[in-house]
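Atoms within a ligand are numbered from 1 in the order they appear, just like the ligands themselves. Below, all heavy atoms of this structure are taken into account, side chains as well, without hydrogens, waters or symmetry copies. Keep in mind that what you see is a predicted model, and the values were worked out from it rather than measured.
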Amino acid sequence: MNREKVICPCYHVTKGDVADAVKNGASSFKEVKKATKAGKGCGKCKKKVKKLTKKLLEKQA
Ligand code: FES
């Protein structure tokens, strides 16, 4: 995973930011959104952020 890759341009949230949010206890898209703001703007990134969150949670389990 490229941590520097921006997944939500609206708030300049990177994949690394999402990974850190999950590491710090976010266990759903909603919580990742709360922690990183990803998905709070136009909403275009929602699918991608959801998918990445799911992937990260599966890895963690
Ligand atoms: S790209 Fe994430 S809210 Fe717009």
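Hydrophobic cluster membership is shared by Y11 and F29, with clusters built from Ile, Leu, Val, Met, Phe, Trp and Tyr side chains linked at under 4.5 angstrom. In this structure, V32 is a member of the same hydrophobic cluster as M1, with clusters built from ILVMFWY side-chain heavy atoms closer than 4.5 Å.
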### Query
salt bridge (charged side-chain N to carboxylate O under 4.0 Å, His left out) between D17 and K37: does it pass, once the steps are laid out?
CA-CA 10 Å; D17 294 329; K37 286 192 179 158; over 6 Å; no
### Task
Show your working on side-chain contact (heavy atoms from CB on, under 4.5 Å) between T14 and V18 and close with a plain yes or no.
CA-CA 7 Å; T14 63; V18 174; over 6 Å; no
### Task
Could you go through the side-chain contact (heavy atoms from CB on, under 4.5 Å) check for K51 and K55 one step at a time?
CA-CA 6 Å; K51 218 172 128 188; K55 213 170 92 183; over 6 Å; no
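In this structure, the side chain of Q60 does not engage the main chain of L56 through any donor-acceptor pair within 3.5 Å.
Listed by atom number, the atoms of ligand 1 under 4.0 Å from G41 heavy atoms are 3 (S). Near G43, meaning under 4.0 Å from any of its heavy atoms, are these atoms of ligand 1: 3 (S), 4 (Fe). Applying the 4.0 Å criterion to heavy atoms of G39 picks out, from ligand 1, the atoms 2 (Fe), 3 (S).
When distances to atom 4 (Fe) of ligand 1 are checked against a cut-off of 2.8 Å, C10 contributes an N, O or S atom below that limit. For atom 4 (Fe) of ligand 1, the N/O/S atoms of C42 include one lying under 2.8 Å.
Not a single heavy atom of A38 lies less than 4.0 angstrom from ligand 1.
Seen from atom 2 (Fe) of ligand 1, atom SG of C8 and atom SG of C45 lie 100° apart in angle, a value rounded to 10°.
The nearest protein atom to atom 1 (S) of ligand 1, hydrogens excluded, is given as P9 CD, 3.4 Å; this is a heavy-atom distance.
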